[in-house]
Structure formats: structure tokens, C-alpha cells
Amino acid sequence: MATKLWASRAASYLRISTFPRAFATVAKDLKYAESHEWVKVDGNSATIGITDHAQDHLGDVVYVELPEVGASVEQFGSFGAVESVKATSDINSPLSGKVVEVNEKLDSSPALINGSPYQEGWIIKVEMNNPDEVKSLMDPDQYTKFCDEEDAKH
């Protein structure tokens, strides 16, 4: 009995003491900005959020500053902020356009960004000014390589 208890404690200790590297997911049907936002394009509309990689580095999200519906956003310009237990970070728009919808669920449940960054944790929807701006963004393979290189520097 004592051996079983010791083994159980040892196993528990080892699980707590090891820190396996978490691999962030990169969705295949999206485009990505170097500032770690993602875009899903549907016609002239674009849904924007922060990537799994970004939310993983931020930690638990506790507050999201959202723009007003009707606000204009510029490509690579800041439109809001994400506050986590570790830091506050600007959210930049990968595309220019007009905000047509904000994810109001984030007001009461900002952790949706942590749990579902590509579905429930989307941040804004934009009517694009210039759909050609999408061409300047990274595809999933380019973004994965970008994240690997960025992580290797740290």
C-alpha cells in the first residue's frame, strides 16, 4: 500500500514538474498577419481574431477592448486591445474596412479567445475596402514557419 501511494505521488509530481511544449494550431482556411491576427474572408466580408499562437503567449484573457460598429479600420492599424493576466496587447486589423459587427460575447466571456480563438473567439467582422489587401497576408504554411522562427529567437 505504501509503495502504491509513493508511486502515485511520484507520478503526480512528475506531471506537475514537466512542461511539455504546447503546439498552437493554425487553421488552414485563414490568412495571417505578422502581428498574429487571423482573417477569414467571405466575399467582401472578413472575420478577424487573434491566433491560437497569440492567445497562448498572452495567457488567460481577462478583457477585450472592442471598437464601435461603424468604425473604420486601416490595414495593420490598431483597433482594440486584449488584456491578459500577463500583458495588454494591441489588436491590429489585417485589412482596411468598416466594422459591421463586434463579438459582444467577449464583453462577458473574454476567455472565449483562449478556448476557441478561431470560432467563438472572433473579435470583429469588417466590410473590406480593398480585397486585394488579402494578398499581402500569410497563408497557413508561411504563418507556421513565421511562428517557428519567431519562437526560436526567444
Check your understanding: Linking I/L/V/M/F/W/Y whenever their side-chain heavy atoms sit closer than 4.5 Å, directly or via other members, would Val82 and Leu30 fall into one cluster?
Key -> no

Point to revise | Interatomic distance, Ser72 atom OG to Asn129 atom CG [nearest 0.5 angstrom] | key: 7.0 Å

Exercise for review: Identify, with sequence neighbours excluded, every residue that meets side chain to side chain contact (heavy atoms under 4.5 Å, CB included) alongside Glu74.
Suggested key: Ser96

Practice item. Check whether any side-chain N or O of Asp52 sits under 3.5 Å from a backbone N or O of Val26 as a donor-acceptor pair, and report yes or no. Key: no

Review point. Are Leu137 and Tyr118 co-members of a hydrophobic cluster defined by side-chain heavy atoms under 4.5 Å apart?
Key: no

Check your understanding: Does the side chain of Lys86 reach to within under 4.5 Å of the side chain of Leu58, using non-hydrogen atoms?
Key -> no

Review point. Would a 4.5 Å heavy-atom cut-off, applied to side chains only, mark Phe79 and Val99 as touching?
Key: no

Exercise for review: Go through the steps to decide whether Met128 and Glu133 satisfy the test side chain to side chain contact (heavy atoms under 4.5 Å, CB included), and finish with yes or no.
Suggested key: CA-CA 9 Å; Met128 294 184 288; Glu133 290 177 341; over 6 Å; no

Practice item. Nearest 0.5 Å please: distance from the CG atom of Asp141 over to the OH atom of Tyr32. Key: 10.0 Å

Point to revise | Donor-acceptor under 3.5 Å (Glu37 side chain, Asn92 main chain) | key: yes

**Study point:** Test side chain to side chain contact (heavy atoms under 4.5 Å, CB included) applied to Lys98 - qualifying residues, sequence neighbours left out
**Key:** none

Practice item. Go through the structure and list residues passing salt bridge (charged side-chain N to carboxylate O under 4.0 Å, His left out) with Glu65, not counting sequence neighbours. Key: none

Exercise for review: Using side chain to side chain contact (heavy atoms under 4.5 Å, CB included) as the criterion, point out the one residue from Thr47, Val73, Val100, Leu95 that pairs with Val126.
Suggested key: Val73

**Study point:** CD-OG distance between Gln55 and Ser89, expressed to the nearest 0.5 angstrom
**Key:** 12.5 Å

Revision key, fill the gap. Heavy atoms of Gly59 and Asn114 approach each other most closely as O-ND2, 2.9 Å

Exercise for review: Look up atom CG in Leu66 and atom CG in Asp107, then write down how far apart they are to the nearest 0.5 Å.
Suggested key: 5.5 Å

Point to revise | Crowding at NZ, Lys135 (>12 non-hydrogen neighbours, <6.0 Å) | key: no

Practice item. Taking all non-hydrogen atoms of both residues into account, name the closest pair between Thr51 and Pro117 and its distance. Key: C-CB, 4.3 Å

Point to revise | Hydrophobic cluster membership, Ile124 vs Val61, 4.5 Å side-chain cutoff | key: yes

Exercise for review: Please name the pair of heavy atoms, one in Ala33 and one in Phe76, separated by the smallest distance, quoted to 0.1 Å.
Suggested key: CB-CE2, 4.4 Å

Review point. Heavy-atom count around Asp42 CG within 6.0 Å, excluding the residue itself: above 12?
Key: no

Exercise for review: Would you please test His57 and Ser84 for side chain to side chain contact (heavy atoms under 4.5 Å, CB included) and show each step?
Suggested key: CA-CA 10 Å; His57 283 275; Ser84 74; over 6 Å; no

Review point. Any side-chain donor paired with an acceptor under 3.5 Å for Ser136 and Gln75?
Key: yes

Check your understanding: Under the 3.5 angstrom rule, does the side chain of Thr144 hit a backbone N or O of Pro140 as a donor-acceptor pair?
Key -> yes

Review point. Can you find a heavy atom in the side chain of Lys40 that is under 4.5 Å from one in the side chain of Asp29?
Key: yes

Exercise for review: Apply side chain to side chain contact (heavy atoms under 4.5 Å, CB included) to Val64 and Ile91, showing your working.
Suggested key: CA-CA 9 Å; Val64 182; Ile91 310 168; 4.3 Å; yes

Review point. Could you go step by step and tell me if Ile123 and Asn103 meet the side chain to side chain contact (heavy atoms under 4.5 Å, CB included) rule?
Key: CA-CA 5 Å; Ile123 299 172; Asn103 188 350; 5.7 Å; no

Practice item. Grab the two heavy atoms, one from Glu34 and one from Phe146, that are nearest each other, plus how far apart they are. Key: O-CE2, 3.5 Å

Check your understanding: Counting distance only, does the side-chain N/O of Trp122 pair as donor-acceptor with the main-chain N or O of Ile48 below 3.5 Å?
Key -> no

**Study point:** Sole candidate of His53, His36, Lys31 that passes side-chain hydrogen bond (donor to acceptor under 3.5 Å, both in side chains) when paired with Tyr143
**Key:** His36

Review point. Under 3.5 Å, is there a donor-acceptor pair between the side chain of Gln142 and the main chain of Asp139?
Key: yes

